[in-house]
Amino acid sequence: MADESLDERVAALEERVTRLESAPPEADRDEVFWALEGLRRRLTGQGQVLFTGAVDLPNGEHYEWQQGAAAHGLLDADWSQHAAPYAALGHPVRLTLLRAVLRGTRSAAELQETAGLNTTGQLYHHLKQLTAAGWLQAEGRGHYQVPPGRVVPLLVLLSTVVPTGNRTTGE
């Protein structure tokens with residue numbers, strides 16, 4: 001019986017050492033969560049969320065964006081009032097169109113070919129959904145762009161579901 005107790009104690013100590021060794025030192029934690037640490041220094045009230053990004057697109061355009069919001073405001077909001085922009089992203093063809101536009105394809109004819117659509121009616125149905133939701137805007141006759149204020153937010157949304165290997169988690 002005394003041996004079992006000693007074995008249990010040793011196992012518990014080994015488990016604790018393993019947890020301690022796998023936890024990053026505070027300096028490493030600050031390096032991993034550098035953006036979060038900056039946000040913590042500015043926190044007010046019951047918390048905030050922040051997203052930010054700097055993006056160089058394949059077509060040479062550069063965008064920088066930062067947006068934050070108080071957590072209580074987000075939790076108190078009527079989320080159903082904001083379903084349309086998410087719904088517009090809920091179709092594979094629309095995501096293909098957005099990706100193509102961000103990569104430099106801007107004309108309707110090129111977008112139709114890229115998305116593999118058979119008719120212009122199909123294309124304009126999807127373009128209408130994206131423009132109505134604010135994910136695309138017409139920049140001239142038959143040419144489209146993602147509005148500058150939507151580039152980083154769109155990539156942030158995608159980063160929540162597209163595996164990239166650059167994720168870190170907190171407590």
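Here the structure is a predicted model, which is why all the values come from computation and not from measurement.
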Does [Y] offer a backbone N or O that forms a donor-acceptor pair with the side chain of [X] under 3.5 Å?
X: Thr105; Y: Val101; result: no
X: Trp65; Y: Val55; result: no
X: Gln122; Y: Thr119; result: yes
X: His126; Y: Tyr124; result: no

Looking only at heavy atoms, what is the nearest atom pair of [X] and [Y], with distance?
X: Ala133; Y: Ala84; result: CB-O, 4.0 Å
X: Thr114; Y: Ala100; result: CG2-CB, 3.8 Å
X: Arg150; Y: Pro85; result: NH1-CB, 4.4 Å
X: Ala70; Y: Gln48; result: CA-CG, 4.1 Å

So [Y] and [X], do their side chains get closer than 4.5 Å, heavy atoms only?
X: Leu155; Y: Leu102; answer: yes
X: Leu127; Y: Leu111; answer: yes
X: Leu97; Y: Val93; answer: yes

What's the separation between atom [atom1] in [X] and atom [atom2] in [Y], rounded to the nearest 0.5 Å?
X: Tyr63; Y: Asp56; atom1: OH; atom2: CG; value: 11.0 Å
X: Leu130; Y: His91; atom1: CG; atom2: NE2; value: 10.5 Å
X: Glu110; Y: Leu123; atom1: CD; atom2: CG; value: 11.5 Å
X: Glu139; Y: Ser107; atom1: CD; atom2: OG; value: 10.0 Å

Indicate if [X] and [Y] have the same hydrophobic cluster label, given that clusters are the connected sets of ILVMFWY residues with side-chain heavy-atom separations under 4.5 angstrom.
X: Leu158; Y: Leu89; answer: yes
X: Tyr86; Y: Leu75; answer: no
X: Val156; Y: Leu95; answer: yes
X: Val161; Y: Trp79; answer: no

Q: Would you check if there is a donor-acceptor pair between the side chains of Glu64 and His62 at a distance under 3.5 Å?
A: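 There is such a pair between these side chains.
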Q.
With side-chain contact (heavy atoms from CB on, under 4.5 Å) as the criterion, how do Trp135 and Leu98 come out once you've worked through the C-alpha distance, each side chain's angles and the decisive distance to 0.1 Å?
A. CA-CA 8 Å; Trp135 293 113; Leu98 286 169; 4.0 Å; yes
Yes or no on side-chain contact (heavy atoms from CB on, under 4.5 Å) for Asn118 and Gln112, after CA distance, side-chain angles and deciding distance? CA-CA 8 Å; Asn118 295 323; Gln112 182 176 345; 6.0 Å; no
Derivation and outcome, side-chain contact (heavy atoms from CB on, under 4.5 Å), residues Val152 and Leu154:
CA-CA 5 Å; Val152 172; Leu154 176 60; over 6 Å; no
side-chain hydrogen bond (donor to acceptor under 3.5 Å, both in side chains), that's the test. Do Glu8 and Ser5 meet it? Break it down for me. CA-CA 5 Å; Glu8 289 173 3; Ser5 177; 5.3 Å; no
Next on the checklist: Does atom CZ (Arg106) have a neighbourhood of more than 12 heavy atoms from anything else shown, all under 6.0 Å?
Outcome noted: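 Atom CZ in Arg106 is crowded, with more than 12 foreign heavy atoms closer than 6.0 Å.
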Exceeds 12 heavy-atom contacts within 6.0 angstrom, atom CD of Gln137: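 It does: Gln137 CD has more than 12 such atoms within range.
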Exercise for the section: Run the numbers on Gln67 and Leu50 for side-chain contact (heavy atoms from CB on, under 4.5 Å), then give the verdict. Expected result: CA-CA 6 Å; Gln67 183 172 334; Leu50 171 71; 6.0 Å; no
